[in-house]
Structure formats: C-alpha cells, structure tokens
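Comments concern the structure below.
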Amino acid sequence: MKVSIVGSGYVGIVTGIGFAELNNEVIFIDIDKDKVEKINSAKPPLYEKGLEELMKKNRDKYVATSDYKRAIEYTDVTFICVGTPSKKDGSIDLKFIKSAAVEIGKALKDKGDFHVVVVKSTVVPGTTEDVIKPTIEEKSKKKSFEDFGLAVNPEFLREGNAIEDFFNPDRIVIGAKEEKSKKSLNELYSSFECPKFFTDIKTAEMIKYASNAFLATKISFANEIGNICKKLGIDAYDVFKGVGLDHRINPSFFRAGIGFGGSCFPKDVKALMAKAEEVGENPRLLKAVIEINEKQPLKLIELLKKHVSKLEGEKIGVLGLAFKPDTDDIRESRAIPIVETLIKEGAEIIAYDPKAMNNFAKIFPQLKYANSADEVIANSDAVLIVTEWEEFEKLNYKGKIVIDGRRVERAREAKIYEGVCW
Ligand code: UDX
C-alpha cells in the first residue's frame, strides 16, 4: 500500500520504516526541514536501536517531504504520529494534532479518491471525533466516514525497543467506524499474527491510556512495596519473582527502583487524570501513582546521606542520565530531580551516559561530564546508578560507595552498596 506518516518522532519514523520493510511505499511528512533532509539521506532523525540499518536497507521505499498535498494525493492512508505534550496543568496539548488535522484537511480538499486518516498519536478519548474530525471536515469540505475514513490505531512502542515492538506486537488495536478504514488497516497489518482487536474510536483511544496507566501503576506499586521491603531487610526483586509467577499477575514491569520517566507514562497518566477531573471523576489511584513516582528518585539521595552525611563539596558520580537504557532521551528522566537535589546541596557532580550527555548538558551545562563510566568511578567519593546501561555491569566498583537505583548486579562488589528497594 501507499502510506504517508505525519510527524517523524520515534513513533512516526519507526512506524514508517516498519511499513517500508513490509514492502509498502512510504512518504514521511514533516514541517522540520532538517528532519526531511536527514530522512532523505537515510539518516535517522533520532537515535533508535536498529533504525539506521533498516533505513539503509529500505532506502528505495520511502521519501520525506514537507508537502502535505502531494504526499496525501499519492498515498491511500495517512497516519498522524505527532507529539501530544502536556500543558502546564497536566492536560493534553493538542496544538500539533490540530495543525496536522488542518493541513490534512486542506490537502484532502482536492483529492478525488477515498483516503483513510489514522490517528496513532496518543489522544484523550473523544479527541478524534470531537477535534480531529470537525477540523478535517471543515478544511476539506468533505464528510468523514463517507468521503474519507477516520480511525485510531494506538502505538505500544517502547523507545529503544521500538523496532522490535513494531514487528512483534502483543496486539493491534483498531478503532474504526466504517468498513473501508477497517479493510485498509487489516490489509496493512495482514502479515501480523497477533490478535487484532477491532473496536470503536473512543474505546481505542482509552485502551492506550488504560494500558499506560496500568503499567505506570505496576511500577509505582512495585516501588511502594519495595520501599517497605527495604526497611524490613527484604529484597523486593525476590518478592516480585514470587508474585509474578501468578499467571493473573505476570512478572514484567515489577522492576522496583527510582521510578518511571520518558515521553509517555508521566504525561499520559497526567492527561488521563485531567480528563477524569474534567468529567467530574476524582482519579485517586492515578494521583498516588504520580506522587510515589515523584518521591522515588529522592530515595537515592536519602540512602546516599546514610553514608555521606553532608553533600557539600563531596564528589558524587552519576551513572546514567537517559530515562532508560538504549536511548538518548532524557524527558522526565529520574536523573533530573536527582541532579537538581545534588546541585542544591552543593555536591560536585561528575556524570556519564553513553548516549544522553549532549541532551542533558543542554539543561545542566554546569556539570562535569566524563568520557567514560570508569572516569566517573575514579573521580568520585560515592556513585549513584540512575540508568541501567548494560556497560555498567562491566565496571569495577571495588572500594566505592555505590547507591543503586536500577539494580546493577556487579555494583554489589562495592565497599558499601545500597539498593533502593533491596
Ligand atoms: C512506554 C510503554 O511501554 C509503551 O508501550 C508506550 O507506547 C510508550 O511508553 P517507554 O516510555 O519507551 O514506553 O519505556 P518503558 O520501557 O515502558 O519504560 C518507561 C519507564 O519506566 C522507564 O523510565 C523505565 O526505567 C521505567 N520502568 C519500567 C521501571 O522503573 N520499572 C519497570 O519494571 C519497567
């Protein structure tokens, strides 16, 4: 099929290149000229494991442009993959969604053939039918579900594993109303053997939020139990090994530590909370999930102070700045509140991350950044492990004070070792 993708963030680029690998023709539409140029030179616009290779391999199957009209004219289906950031009050900011809908509407105005628009961006329930649909209708002067199709197909791609997740999904959720859209999406995903769940548009939007909110809840739950375990001298990882063996519970996403960051969980839980309040519901559990997550990174500092009572002037090493391994993304990284607290307390910080130092230095230019993890260990009195990069399992921690927020087994050899929840 011929597919266009609006927005070349990690969801858009991975989805598009994934469809190209499956022998579809893909056009990326992005207003950022720099991204367009990069994609057209087969260079990833961001770091994502395996992406560069896949872009090179499929070079003849995709192209990028800023021209909505030509891209939409040429393709059968357009995926909206733009970001949905949070506003200051936590509610969803639809500015990118709205401008994509305006441009798609304008481009559809002169198109004769039926075209399917698919919302892949995470949008609160009701957005597709109450915001995107009227905008496209107004600009295109066409009728949705008759002249053009509109569907929702949420993504469940983890950054750093996005390509693997694209090709091996647990399920594909499709929220659609009319047959032509269902047929197009069924065809596009025909080679996937996982369950395909067809539902209505609003339900598909909610499935994405309920999934992310549940996973975030699982993490905050693990952290709360983990904090109790720590006080009782129990290893939370052993506890969750035992708990996860119950098939009703499942072992994954119980990695207790310093909490969740990233571009999805914090923003999606807050957007769902804001929507709940808008409709007169008090999301008590979700509020607790966020509260636990905001306090959790500070546990690392609390434990550090058990061994280094005054941080002023102390050399503190920070290993890991990305919100999780295998990405350069620092959005909502737990490293941010940790570093802020260390700065406030007057510590001398030396930090290292294999991929995220450039991004981190944009907000914290005053830190000392090391060239390697070894350099951090050699030049600090105590070390905090904030992200579990694989290479941190190969370091020599002997003789050091190590406070581990992410369970790096090798660090247990340190002179003094503390795990947050174990
Ligand atoms: C998440 C969802 O997993 C994905 O389905 C969705 O579409 C986008 O958001 P992502 O944010 O890329 O993906 O990363 P994920 O691997 O889910 O981790 C999110 C955060 O939770 C990280 O900071 C990670 O360190 C933390 N985490 C994860 C834990 O603290 N414990 C766990 O057990 C799992």
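Positions are given from 1, in the same order as the sequence printed here. Counting convention: from 1, in listed order, for ligands and their atoms alike.
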Just to be sure I understand the cut-off, which residues have at least one non-hydrogen atom under 4.0 angstrom from an atom of ligand 1? Y10, E155, F156, L157, R158, E159, K208, N212, I219, F253, F254, R255, G259, F260, G261, C264, F265, F323, K324, R406
Does a donor on one side chain and an acceptor on the other come within less than 3.5 Å for D89 and S91? yes
K368, NZ: over 12 other non-hydrogen atoms inside 6.0 angstrom: no
Restricting to salt bridge (charged side-chain N to carboxylate O under 4.0 Å, His left out), what partner residues turn up for K61, sequence neighbours left out? none
Would you give me the side-chain donor-acceptor pairs under 3.5 Å for residues 33-40, sequence neighbours excluded?
| unit_1 | atom_1 | unit_2 | atom_2 | d |
| --- | --- | --- | --- | --- |
| N40 | OD1 | A64 | N | 2.7 |
| N40 | ND2 | V36 | O | 3.3 |
| N40 | ND2 | A64 | O | 2.9 |

Apply side-chain contact (heavy atoms from CB on, under 4.5 Å) to E302 and list each qualifying residue two or more places apart in sequence or on a separate chain. K299
With a cut-off of under 6.0 Å to the ring centre and 45° to the axis, is K355 in cation-pi contact with Y47? yes
